[in-house]
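One structure is given below, encoded as structure tokens.
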Amino acid sequence: MTAVQKVAIAGAGVAGLATAIFLAKAGVEVDLYDAQPALSTHGSGITLQGNALRVFDELGVWDEIAAAGRAFEGLNLRAPGPGAPVVAALPDLKTGGPDYPSTMGMSRPDLARILLAEAERSGARVHFGTRVTGVSQTDDAVAVEVDGRPAGTFDVLVGADGLHSAVREMIGIHVSPEQTGMGIWRTFVSLPPEVDRSELYYGGPMYIAGYTPTGDDTMYAFLVEAAQDRSSASPEEARRIMVEQSRAYDGPWNHIRADIEAGADANYTWFTRHLVDAPWNRGRAVVIGDAAHSCPPTIAQGAAQGLEDAAVLSELLVNRDAVDQTLWDEFHERRVARAKAIVDASVQLGQWQLDGVRDADMGGLMFGVAQLTAARA
């Protein structure tokens, strides 16, 4: 017997949809509420490490993910300036194990589409255009209010509603994302023939310039700068800024600039960080994914950590026979320290650049994270 029969989930992001799939496949009645009117079709790309791919296989969507994305091994470092020479070709540790590529890139909308379809096939009820607005609890249940009206009583409420989680605030966890001092321009473009893996440029006017293949003919590219208020930039101005800031980078960046000048969108966001200290639950309501922790994408582990949250929480809810303190203690033991290590390392990589530390052991830090994530959560 599972510990839960009915579960409510707030948020149709990666962590929320993964939790819905795991639980629905185990026979749990799942209602997922998302404030957006429909699944977003916007977004650039996402880099997924092997430990994320392993969870996709456990969810039953690995074949679709593999077909929709672009798998590759290794990472190239290039120098800014004429020719953009490759100065190092770094191997990747297969953090998902030998059965999966070390890394892959894919379109964020494609990822969301695949997960939503699997959640619905598995029996989860997904309600778009609905917002969780109230939570009240007893020792045995949690009553959820949606759009100001009672939506039902559930065994557990999972708050997977992102950086600015409403559930997090409603259950009394007053933690908010903080800026780290960096901002990132992103664009989604066609794939140059010479690019077959992620490549990063350190140096030049940007802290980082890079790109990742996301399919047979697509990739996303990014520039990381000191955080600025870019909120007033029109789409045309955003494209102009990204083109101008990338001119110090040669090689494949010439192709990227041409696509931006031809109309590819340029989007800007700030890097943030936060971590909810244990416990992540208040009674029978719990936050996971970006609601519980966020970090800059310097190690590309954000989605993977949300997937691991979903896998561990679902495993415990399905395999235990009670929602009790023992269950929550094991969940926190398996997730909080690991998430903290990822947040701290991701922030540290950026801080070294902000501080101009030239002898920082970036490779050692990244290898340590890879060793950590190679072990199952």
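The first residue of the sequence shown is numbered 1, and numbering continues consecutively from there.
Not a single salt bridge (charged side-chain N to carboxylate O under 4.0 Å, His left out) links E145 to another residue, sequence neighbours left out. Under the rule for a salt bridge (charged side-chain N to carboxylate O under 4.0 Å, His left out), the partners of D31 that lie at least two apart in sequence or sit in another chain are R125. By the side-chain hydrogen bond (donor to acceptor under 3.5 Å, both in side chains) test, D324 is found to be paired with no residue, residues two or more places apart in sequence or in another chain being considered. For E237, the side-chain hydrogen bond (donor to acceptor under 3.5 Å, both in side chains) partners at least two apart in sequence or on another chain are R240.
For residues 181-199, the pairs satisfying salt bridge (Lys or Arg N to Asp or Glu O under 4.0 Å) are R78-E199, with sequence neighbours left out. Pairs engaging residues 156-174 under the salt bridge (Lys or Arg N to Asp or Glu O under 4.0 Å) rule: none recorded [sequence neighbours left out]. Residue pairs meeting the ring-ring contact (aromatic ring centres under 6.0 Å, His included) criterion with at least one partner in residues 97-143, sequence neighbours excluded, are Y33-H127, W62-Y100. Pairs passing the salt bridge (Lys or Arg N to Asp or Glu O under 4.0 Å) check and including a residue from residues 105-119, sequence neighbours excluded, read K25-E118, D110-R113, E118-R121. The salt bridge (Lys or Arg N to Asp or Glu O under 4.0 Å) pairs that include a residue from residues 287-308 are E308-R335, E308-R338, where partners are two or more places apart or lie in different chains.
Residues P297 and T47 fail the side-chain proximity criterion, which asks for heavy atoms closer than 4.5 Å.
In summary, D34 and R131 do not engage in a salt bridge, as defined by a charged side-chain N under 4.0 Å from a carboxylate O.
Of all the heavy atoms in A304 and A52, the pair that sits closest is CB-CB, 3.7 Å. Heavy-atom minimum distance, P205 versus A248: CD-CB, 3.3 Å. When all heavy atoms are compared, the tightest approach of A339 to L275 is CB-CD1, 4.3 Å.
Side-chain atoms of D259 come within 3.5 Å of backbone atoms of S190 as a donor-acceptor pair (strictly under, hydrogens ignored).
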Show which side-chain atoms of residues 341-350 pair as donor or acceptor with protein atoms under 3.5 Å away, not counting sequence neighbours.
| from | atom 1 | to | atom 2 | distance (Å) |
| --- | --- | --- | --- | --- |
| D344 | OD2 | K340 | NZ | 2.6 |
| S346 | OG | I342 | O | 2.8 |

Enumerate donor-acceptor pairs with a distance under 3.5 Å from any side-chain N or O in residues 364-374 to protein atoms, sequence neighbours excluded.
| from | atom 1 | to | atom 2 | distance (Å) |
| --- | --- | --- | --- | --- |
| T373 | OG1 | V369 | O | 3.0 |
| T373 | OG1 | A370 | O | 3.2 |

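Between W328 and F331, the two ring planes are perpendicular [angle over 60°; tilted spans 30° to 60°].
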Q: Decide side chain to side chain donor-acceptor pair (under 3.5 Å) for D140 and T138; before the verdict, give the C-alpha distance in whole Å, the side-chain angles of both, and the deciding distance to 0.1 Å.
A: CA-CA 5 Å; D140 300 321; T138 66; 5.2 Å; no
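Counting Ile, Leu, Val, Met, Phe, Trp and Tyr side chains that sit under 4.5 Å apart, directly or through other members, Y268 shares a hydrophobic cluster with W185, V189, L191, V195, Y201, M206, Y211, M219, L223, I241, M242, V243, Y249, W253, I256, I260, W270.
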